[in-house]
Amino acid sequence: MKRWLPFAAFCVLLVFLYVGLFRDPREVPSPFIGRPAPAFVLPVVERPGATFSPEQARGRSWLLNVWAPWCTTCQKEHLFLMQVAATGVPVYGLNWKDQDREATAMLARMGNPYVLNADDRDGRVGIDWGVTGVPETFVIDAEGIIRMKHSGPINERIWKRKFLPLLQAIDS
Amino acid sequence: MRRGAWFLLGLALLAMEAVAGEARPNADDPVLEARLMGLAADLRCVVCQNESLAESRAPLAQDLREEVRDLMRQGKTDAEVVEYLTLRYGDFVLYRPPFKPETYLLWLGPALFLVIGGLAWVIATRRRRALPATDRLDAEDLRKAAELLRGESK
Amino acid sequence: MIPELGQVALVIALVLALVQGSLPLIGAQRGSATLMAVAGPASYGQLAFVLLAFAALGYAFAVNDFSVKNVAHNSFSELPLAYRLTATWGSHEGSMLLWVVILAAWTSAVTVFGRRLPLAVSARVVGVLGLVSVGFLAFVLFTSNPFVRLFPAPLDGADLNPLLQDAGMILHPPMLYMGYVGFSVAFAFAIAALLGRRLDAAWARWARPWTTAAWVFLTIGIALGSWWAYRELGWGGWWFWDPTENASLMPWLAGTALVHSLAVTEKRGHFVSWTLFLSITVFSFSLLGTFLIRSGVLSSVHAFANDPARGMFILSFLGVVIGGSLLLYAWRFPRVPKVATFGWLSRESLVLGNNVLLIAALGTVMLGTLYPLFLDVLGLGKVSVGPPYFNAVFVPLMAPLLFLMGVGPLARWRETSLPGLAVRLRWAFGVAAALALILPLLYGGLRPMVSLGLFLALWIFASVIIGVSERLKGLGWAVGRLPRGFVGMQLAHTGIAVVVVGITLVSGYESERDVRMDVGEYVDLAGYRFAFRGATAETGPNYVADRGVVEVTRVGGTGPTLTLYPEKRKYNASGMAMTEAALRSGAFGDLYVSLGDYLGGQAWSLRVYYKPFVGWLWAGAFLMALGGALAASDRRYRLAAERAGPRGAPAVGMGAAEAKG
């Protein structure tokens with residue numbers, strides 16, 4: 001028996017290593033899943049003087065897309081978000097650490113898929129939401145509970161695989 | 001002549017030092033900064049490959065350090081700061097994983113290895129001790145004798 | 001043309017490796033001397049062709065041939081020639097090629113020095129090494145080809161990672177790989193022994209110098225890596241428990257256990273199956289380390305680019321090599337009759353204790369390194385295991401090991417009387433304990449961890465003095481007659497004690513200041529006054545830098561002035577910013593200054609450190625390596641090889657066991 005032990009242990013290790021090969025060690029699940037979205041009050045980019053807080057989006061499920069004008073990946077994602085917005089899903093933007101104040105110009109140039117953009121100039125709200133980089137997208141349900149977080153850009157494939165089924169499940 | 005020049009230069013340097021004086025610490029509050037760095041060394045910079053929050057120069061790490069400074073200034077304890085961060089980033093930020101069911105094996109593993117190894121040591125040694133005494137004068141002794149004859153020390 | 005030549009050379013080397021990995025093994029099984037004789041020429045041929053390939057890649061780097069992808073990604077026209085050449089092994093592809101070269105070099109060394117071994121043994125060893133080489137050559141050719149061309153060729157390269165542009169990086173990877181790959185020789189000896197059913201003290205005697213030599217290189221490699229991190233990462237840390245470091249520490253711990261158990265197997269014939277198992281284990285950890293670093297399953301500072309295809313290849317290779325050897329081990333599990341006894345307090349039993357502790361330490365490092373992966377795979381969440389964990393669990397494992405180190409070499413084989421041993425070690429204990437309390441009080445205040453560390457180091461020093469003087473007394477004080485193996489062991493143990501002193505004191509008494517400095521301002525630290533004299537703009541070959549001028553004097557103004565030039569560099573090609581710390585190493589401590597941010601006017605942020613005894617870390621590692629080198633060159637091994645067989649030691653072969661069963 002004893003002599004087979006090392007081989008058996010190695011086989012177990014091999015299985016773990018094999019599965020581990022297809023995992024990203026740095027993709028960290030958000031601890032917020034299933035919890036109420038953290039509250040904030042931020043100025044709205046599109047309407048000077050107005051403010052936005054997540055409370056205002058209650059009543060139906062919505063997306064919070066964290067982005068920044070200086071982020072090139074976000075610009076690629078932007079085109080796809082236009083399509084998403086066209087299907088009627090409410091997409092709110094969190095304009096993260098836009099120190100150079102370029103969001104308005106960029107939205108004017110590339111089109112605006114967002115219901116509105118909250119202006120998180122110093123990135124404090126982003127930290128509160130556990131944002132590690134842009135783009136990131138949260139799915140929040142009608143009761144204000146965070147149901148999913150996606151790190152990285154959304155594209156057609158990811159939308160169909162991760163977002164659509166979830167949104168349909170929540171809304172039905 | 002040269003001596004005089006050196007003397008003057010020395011004086012000038014001394015004067016400069018006297019004017020400029022001792023450098024100020026970078027942090028406004030060195031005590032708080034030391035506490036921050038002590039805590040941050042045990043926290044992971046979530047966007048870096050594998051660096052602590054204390055070492056990292058990534059923008060997010062700087063923001064997070066600022067956030068922690070703020071929390072500390074508000075009088076939050078280290079435990080509260082850690083709780084604030086784990087609430088947002090999960091246990092992933094902790095370089096010292098908490099002791100809970102998922103990490104029992106991690107924390108108790110070393111002791112477990114020692115116990116198993118210790119048992120193996122006891123069993124192996126007992127077995128060798130229990131060998132019949134006749135075996136004691138064996139090939140080993142013959143080999144030693146042969147070596148002595150050859151004049152080579154073991 | 002040259003890169004294509006390199007590629008062809010690699011293909012030929014692969015063919016030769018296939019020959020080397022098959023014919024000699026078949027020959028050994030069938031007893032055909034002709035087939036076995038293929039081993040030598042095949043291994044020399046393989047070495048020649050991989051060297052050719054390596055030279056071709058080096059040439060492409062030297063002449064800035066940016067049409068080669070590897071060169072374009074890892075070099076730059078402004079990069080100094082020395083770094084262009086070391087950039088040859090700065091990337092994943094190049095470093096794997098270096099790995100293959102080193103494997104071929106070890107194989108040829110076995111062929112040369114193993115000429116006096118029985119033909120079947122050397123044929124099997126070289127054959128097994130050939131099979132390992134087949135795996136790595138295929139890996140290089142199919143997943144990590146360093147000769148791939150780019151079309152159109154870029155005008156210039158992306159530059160070598162600035163972190164790697166350092167003297168420490170020139171030698172660190174070759175030394176480390178010499179260690180990793182060197183253990184493949186011990187592995188091959190073990191497999192050859194299992195295949196040939198020849199498991200006796202002679203096998204251990206043949207494998208021993210090779211194992212020690214590999215251990216020497218790995219020790220140097222790890223020490224150089226730590227020295228590089230200390231100088232280059234900008235905050236003076238020397239060990240981070242990063243997966244890359246752990247990947248090198250694991251084979252080192254297993255290798256250290258093997259070096260000790262081989263000694264018992266060779267001299268006393270004990271632990272044969274355990275030593276065999278360790279030989280397989282050490283090389284398995286070398287391979288596992290390669291997988292962990294190159295597949296991207298763990299996140300590490302130094303990880304190479306993620307590539308599941310490469311990961312898959314190494315994993316399959318791992319499965320075949322390690323799984324195959326462990327199966328062979330189980331199948332031919334050596335049932336060696338226990339020929340001799342030993343008591344609770346004997347050198348045998350103490351070496352066994354050493355092995356238990358080293359393997360527990362190895363298990364701990366592995367557990368900590370892989371735990372995040374385990375939990376992730378089981379879907380139990382993401383955790384990080386970092387320095388606080390390793391520091392907390394490692395010290396309790398190392399302390400008893402270091403204590404044993406003071407006892408083991410003084411114990412006799414078979415049985416030692418406890419009272420006698422206690423009398424011999426009495427003063428060592430007393431002196432070490434007393435000094436461990438007094439020295440910290442004199443130096444910088446009493447701290448429990450410092451006293452513990454100093455006690456263990458002094459305990460080892462004292463034990464070495466007792467051991468050497470007792471042995472010398474027996475030899476009539478003729479220093480020249482001390483066997484090299486004995487001197488090597490004592491030197492290596494001394495080296496460990498020196499490392500322990502370094503770790504203890506730098507961890508206990510390190511001090512630092514983080515200050516904002518205007519020209520002329522100063523800061524005092526550990527009895528030194530650091531005065532800032534301003535910063536100038538400098539232009540390097542492939543970077544621009546701000547260079548701070550910091551004058552250091554003793555507080556009180558006596559003694560010479562020392563000028564340090566910490567830099568903040570920005571590399572032209574990558575735009576990467578780097579902190580190039582300035583340091584002055586001394587026997588009792590290092591002064592370490594790094595330049596931080598520009599604060600306007602003539603003011604800069606600066607960090608100054610005083611790191612007491614930090615240099616002892618690397619000095620100790622050097623002593624360990626020197627000791628190992630001495631031990632590996634002991635004339636006993638050459639004599640043993642000349643006699644080409646077991647010399648009177650009980651030949652406890654498989655034959656006997658099988659006859660019984």
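The sequence lines fix the lettering, A, B, ..., with proteins before strands; numbering per chain opens at 1.
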Heavy-atom neighbours of [X] [atom1] exceed 12 at 6.0 Å:
| X | atom1 | result |
| --- | --- | --- |
| B:E83 | CD | no |
| B:E80 | CD | yes |
| C:R412 | CZ | no |

After noting the C-alpha distance and the side-chain angles of C:L599 and B:N26, does the key distance pass the side-chain contact (heavy atoms from CB on, under 4.5 Å) rule? CA-CA 10 Å; C:L599 299 175; B:N26 248 324; 3.9 Å; yes
What are the two closest heavy atoms between [X] and [Y], and how far apart are they?
| X | Y | value |
| --- | --- | --- |
| C:L397 | B:P110 | CD1-CB, 4.5 Å |
| B:F92 | C:V383 | CD1-O, 4.1 Å |
| B:P97 | C:V385 | CG-CG2, 4.0 Å |
| C:E521 | B:E22 | OE2-O, 4.0 Å |
| C:V356 | B:W121 | CG2-CB, 4.0 Å |
| B:A124 | C:L352 | CB-CD2, 3.7 Å |

Rounded to the nearest 0.5 Å, what separates atom [atom1] in [X] from atom [atom2] in [Y]?
| X | Y | atom1 | atom2 | value |
| --- | --- | --- | --- | --- |
| B:M37 | C:E512 | CE | CD | 8.5 Å |
| B:R128 | C:T341 | CZ | OG1 | 10.0 Å |
| C:F240 | B:E51 | CZ | CD | 9.0 Å |

Heavy-atom pair count under 4.5 Å with chain B, highest-scoring of [options]:
| options | result |
| --- | --- |
| C:N391, C:V523, C:V393 | C:V393 |
| C:P400, C:A360, C:A577 | C:A360 |
| C:F374, C:F271, C:W241, C:F486 | C:F271 |

Close side-chain approach of [X] to [Y], heavy-atom, < 4.5 Å:
| X | Y | result |
| --- | --- | --- |
| B:F113 | C:I359 | no |
| B:R129 | C:F342 | no |
| B:P25 | C:D514 | no |

Is chain B contacted by the side chain of C:L606, its backbone, both, or neither, given a heavy-atom distance below 4.5 Å?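 Only the backbone of C:L606 comes within 4.5 Å of chain B.
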Under 4.5 Å heavy-atom distance to chain B, tell me which part of C:L375 shows up: side chain, backbone, both or neither.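 C:L375 touches chain B through side-chain heavy atoms alone.
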Count the heavy-atom pairs under 4.5 Å between each of B:L105, B:L94, B:T125, B:D91 and chain C, then report the option with the highest count.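 Most heavy-atom pairs under 4.5 Å with chain C: B:T125.
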With sequence neighbours excluded, tell me which residues meet salt bridge (charged side-chain N to carboxylate O under 4.0 Å, His left out) with B:E33. B:R69
Cut-off 4.5 Å, heavy atoms of chain C, and the answer for B:T103 is both
Side chain to side chain donor-acceptor pair (under 3.5 Å) between C:S384 and B:R44, intermediate numbers included: CA-CA 8 Å; C:S384 301; B:R44 182 177 200 137; 2.8 Å; yes
Would you sort out whether B:R24 and C:V515 count as a side-chain contact (heavy atoms from CB on, under 4.5 Å), showing the intermediate values? CA-CA 6 Å; B:R24 274 183 294 121; C:V515 288; over 6 Å; no
In terms of relative ring orientation, are B:W107 and C:Y389 parallel, tilted or perpendicular, with 30° and 60° separating the classes? perpendicular
Test side-chain contact (heavy atoms from CB on, under 4.5 Å) on B:R126 and C:W344; report intermediate values, then the result. CA-CA 8 Å; B:R126 272 178 98 160; C:W344 290 112; 3.4 Å; yes
If we ignore angles and hydrogens, is there a donor and acceptor under 3.5 Å between the side chains of B:R57 and C:T579? yes
Go through the steps to decide whether C:L357 and B:L114 satisfy the test side-chain contact (heavy atoms from CB on, under 4.5 Å), and finish with yes or no. CA-CA 7 Å; C:L357 288 165; B:L114 264 191; 3.6 Å; yes
